[in-house]
Amino acid sequence: VKVLTFSKVDTTMADVPENAPEDCPGTQSELAGKASSCEGCPNQGVCASGLPRAPDPAIEEVRVRMSTVKHKILVLSGKGGVGKSTFTAHLAHGLASDEDRQVAVLDVDICGPSIPRVMGVEGEQVHQSGSGWSPIYVEDNLGVMSVGFLLSNPNDAVIWRGPKKNGLIKQFLRDVDWGDVDYLVVDTPPGTSDEHLSIVQYLSSTRVDGAVVITTPQEVALQDVRKEINFCRKVSLPVIGVVENMSGFVCPKCKNRSEIFPPTTGGGEKMAADMGVPFLGKLPLDPRIGKCCDEGKSFLTEVPDSPATLAYKTIIQKIIDCCDERDRQVQSDAAQDS
């Protein structure tokens, strides 16, 4: 067993030739042979020829590794700062509250990994053995993997283009030894770019339950979240539902509710109805959520009587029900095929 550090991670892509320039888009990319970085590359002619390209062998390797993971949930949002990592962490804590469940969190926010801090495992080291990379465990039944564990200093900037991000996400999916897991929750950065395309591509041969899309009530967030839902449709990723975070403020003292971010266009619930996707619920603001995240604690156990905790538990149960329904559908389809 050895400690894995950032400098030892192989971030090369399976579809990038060894003699390619640093910014090579990869032979599987639509830009292969056409991007500005391809100029002068000895492989440019072959890449631009349009000949059929073989599928990335990592997709099959990921399928084999993920065969022990029962449910896979992606947490997405087109907008930054809406609380994806906070929701991811508390979804994982809520799922892991049942000791019979094995839960894992994968943080693919390469440039802004906050999961280690939010889950109270910042500064831990990843170890590598013959079976792969070992996750960091928050509880006996809750494991975490993040690029944050590979940095020598949490303030170090990760300044990478798409191919290197792709390579690390591939390694996270292929090389981490999760063991038997009931729920894998994937925390993503905002947007619809490299990390999102990579995670969907590499999980394409596995059964992903779907995406939980996080928004806040104001239109400036909703307009980007609509793009995220359309992204899910284009890549055939099911949408489990929309969660409206920071939905009003409930005073811990008097319990009165105030709208901090007024839903000027109807908020997340109306957007979900307009786009034909489920709405899972609203999470109110509570300053103690931020405090718990900074301290690496679970808000659900620290403040069990908060309206936000009750809202979290209701939403988490809906996600569990959705995954169970997908299980029943898969079993039904298999029975009909046989």
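Predicted model, so just to flag it, every value in this text is computed and none were measured.
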Only pairs at least two apart or in different chains count here, so list each salt bridge (Lys or Arg N to Asp or Glu O under 4.0 Å) that has a residue in residues 88-97.
-> none
Salt bridge (Lys or Arg N to Asp or Glu O under 4.0 Å) contacts touching residues 78-96 (sequence neighbours left out) =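 Passing the test, one end in residues 78-96: Lys79-Asp224.
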Partner residues of [X] under the side-chain contact (heavy atoms from CB on, under 4.5 Å) criterion, sequence neighbours left out:
| X | value |
| --- | --- |
| Glu139 | Asn141, Leu142 |
| Asn245 | Ile214, Leu283 |
| Lys282 | Glu244, Ser247, Glu269, Phe279 |
| Ser205 | Ile59, Arg63 |

Where [X] and [Y] come nearest, the two heavy atoms and their spacing:
| X | Y | answer |
| --- | --- | --- |
| Ser146 | Asp107 | OG-OD2, 3.0 Å |
| Met119 | Ala92 | CE-CB, 4.2 Å |
| Pro189 | His196 | O-NE2, 2.7 Å |
| Leu76 | Ala211 | CD1-CB, 3.6 Å |
| Trp178 | Tyr137 | O-OH, 4.1 Å |

Is a side-chain donor or acceptor of [X] paired with a backbone partner of [Y] at a separation under 3.5 angstrom?
| X | Y | value |
| --- | --- | --- |
| Ser204 | Gln201 | yes |
| Ser77 | Thr215 | no |
| Arg174 | Glu61 | no |
| Asp175 | Gly132 | no |
| His90 | Phe299 | yes |

Out of curiosity, [X] [atom1] to [Y] [atom2], how far, rounded to the nearest 0.5 Å?
| X | Y | atom1 | atom2 | value |
| --- | --- | --- | --- | --- |
| Asp156 | Leu151 | CG | CG | 5.5 Å |
| Thr265 | Gln218 | OG1 | CD | 9.5 Å |
| Gln125 | Gln128 | CD | CD | 13.5 Å |
| Asp187 | Thr88 | CG | OG1 | 3.5 Å |
| Lys164 | Asp194 | NZ | CG | 13.5 Å |
| Met145 | Ser134 | CE | OG | 7.5 Å |

Residues in ring pair (Phe, Tyr, Trp, His ring centres under 6.0 Å) with His71, at least two apart?
-> Tyr183
Look at atom NZ of Lys227 and say whether more than 12 heavy atoms of other residues, nucleotides or ligands are closer to it than 6.0 Å.
-> yes
Taking everything shown except Asp294 itself, do over 12 heavy atoms lie less than 6.0 Å from its CG?
-> yes
Less than 3.5 Å apart, which donor and acceptor atoms pair up between the side chains of residues 300-309 and the rest of the protein, not counting sequence neighbours?
residue	atom	partner	partner atom	Å
Thr301	OG1	Ser298	O	3.1
Ser306	OG	Asp286	OD2	3.0
Ser306	OG	Ala308	N	3.1
Thr309	OG1	Val303	O	2.7

Cluster overlap [X] with [Y], hydrophobic side-chain contacts below 4.5 Å:
| X | Y | result |
| --- | --- | --- |
| Leu237 | Leu173 | yes |
| Val212 | Val277 | no |
| Val213 | Met246 | no |
| Val105 | Ile240 | yes |
| Phe231 | Ile229 | no |

With [X], which residues qualify under salt bridge (Lys or Arg N to Asp or Glu O under 4.0 Å), at least two apart?
| X | result |
| --- | --- |
| Asp274 | Lys270 |
| Asp177 | Arg65 |
| Arg117 | Glu122 |

May I ask you to check whether Gln331 and Asp327 show a side-chain donor-acceptor distance below 3.5 Å?
-> no
Charged N-O contact under 4.0 Å between Asp324 and Arg326 |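 No, Asp324 and Arg326 are not salt-bridged.
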Could you check whether the rings of Phe87 and Tyr312 sit parallel, tilted or perpendicular, using 30° and 60° as the cut-offs?
->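 Parallel: the ring planes of Phe87 and Tyr312 meet at under 30°.
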Output the rest of the hydrophobic cluster of Ile159: all Ile, Leu, Val, Met, Phe, Trp and Tyr residues reachable through side-chain heavy-atom contacts under 4.5 Å, sorted by chain and number.
->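 Besides Ile159, the cluster holds no residue at all.
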